[in-house]
Engineer: 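Input: one structure, supplied below.
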Amino acid sequence: MSDYDTHELPAEGRIFGFEPSPLTLTVRPRSTAWRATRLGAFAGAGLLASPVVALAPPHVAWALASVLTGGFLGWRKWVERFTLLEVSGHCPKCDTLQELGSPIRLQRRFVLGCPGCQHDVQVVLPETASV
């Protein structure tokens with residue numbers, strides 16, 4: 001599995017009261033090496049920053065916040081098995097083409113704001129999708 005391969009997954013866009021519309025998600029699988037590197041980078045940055053931020057009172061609170069923030073951001077990268085790059089499809093209500101602002105971690109259910117009607121489109125992957 002390369003960190004440069006992309007795959008397309010079927011999904012469904014839903015707004016209550018309207019017929020669901022088909023969507024296609026372009027995703028990039030993330031290898032264990034990619035995820036471990038990001039985890040290490042964020043956790044390491046939090047650890048390296050902790051002595052510097054600990055110089056300001058309250059010392060322990062800033063150092064602890066630095067370590068916990070680095071760990072939290074690293075953990076988020078570790079659980080990112082797929083990155084969502086693009087959404088292709090239309091809004092179930094106004095038929096506007098859906099847009100993804102920037103790449104995000106793929107989840108089974110997430111919400112996109114429709115640029116046309118300003119409603120939240122719930123994007124749902126089928127249960128058979130391996131995410």
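Along the sequence shown, residues are numbered consecutively beginning with 1. Heavy-atom basis, side chains included; hydrogens, waters and symmetry copies ignored.
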Engineer: Using a 4.5 Å cut-off on heavy atoms from C-beta on, say whether the side chain of Cys91 contacts that of Ser21.
Structural biologist: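 No - every pair of side-chain heavy atoms lies 4.5 Å or more apart.
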
Engineer: Membership question, hydrophobic clusters at under 4.5 Å side-chain separation (ILVMFWY): are Val124 and Val111 in the same one?
Structural biologist: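 Cluster IDs for Val111 and Val124 differ.
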
Engineer: Do you know the tightest heavy-atom contact between Leu39 and Trp75?
Structural biologist: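 Leu39 and Trp75 have their closest heavy atoms at CD1-N, 3.8 Å.
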
Engineer: Under the side chain to side chain contact (heavy atoms under 4.5 Å, CB included) criterion, do Lys77 and Phe42 qualify, and how do the steps go?
Structural biologist: CA-CA 9 Å; Lys77 288 297 178 185; Phe42 279 107; 3.7 Å; yes

Engineer: Do Thr83 and Arg30 have side-chain N/O donor and acceptor atoms under 3.5 Å apart?
Structural biologist: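 A donor-acceptor contact under 3.5 Å links the two side chains.
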
Engineer: Is it the case that over 12 heavy atoms from other parts of the model lie below 6.0 angstrom from the CH2 atom of Trp78?
Structural biologist: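 For Trp78, atom CH2 is crowded (more than 12 foreign heavy atoms under 6.0 Å).
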
Engineer: Are more than 12 heavy atoms, taken from residues, nucleotides or ligands other than Arg76, located less than 6.0 Å from that residue's CZ atom?
Structural biologist: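 12 or below, so no.
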
Engineer: Applying the 4.5 Å side-chain criterion to the ILVMFWY set and letting contacts propagate, would Leu9 and Phe82 be lumped into a single cluster?
Structural biologist: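 Yes, same cluster.
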
Engineer: Which residues pass the side chain to side chain contact (heavy atoms under 4.5 Å, CB included) test with Pro115, not counting sequence neighbours?
Structural biologist: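 Pro115 satisfies side chain to side chain contact (heavy atoms under 4.5 Å, CB included) with Thr96, Gln98, Glu99 once adjacent residues are dropped.
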
Engineer: Given side chains that start at C-beta, do those of Arg35 and Arg81 come closer than 4.5 Å, heavy atoms only?
Structural biologist: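 They are in contact (side-chain heavy atoms under 4.5 Å apart), so the answer is yes.
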
Engineer: Is any side-chain heavy atom of Arg109 less than 4.5 Å from a side-chain heavy atom of Leu125?
Structural biologist: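 Of all side-chain heavy-atom pairs linking Leu125 with Arg109, none is under 4.5 Å.
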
Engineer: If you compare all heavy atoms of Pro126 against all heavy atoms of Pro10, which two are closest, and at what distance to 0.1 Å?
Structural biologist: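 Closest approach of Pro126 to Pro10: CD-O, 3.2 Å.
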
Engineer: So which atom in Leu84 and which in Leu100 form the shortest heavy-atom distance, rounded to 0.1 Å?
Structural biologist: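 In terms of heavy atoms, the two residues are closest at O-CD2, 3.5 Å.
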
Engineer: According to a hydrophobic-cluster definition based on side-chain heavy atoms being under 4.5 Å apart (Ile, Leu, Val, Met, Phe, Trp, Tyr only), do Val52 and Leu48 belong together?
Structural biologist: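 The answer is no; the residues belong to distinct hydrophobic clusters.
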
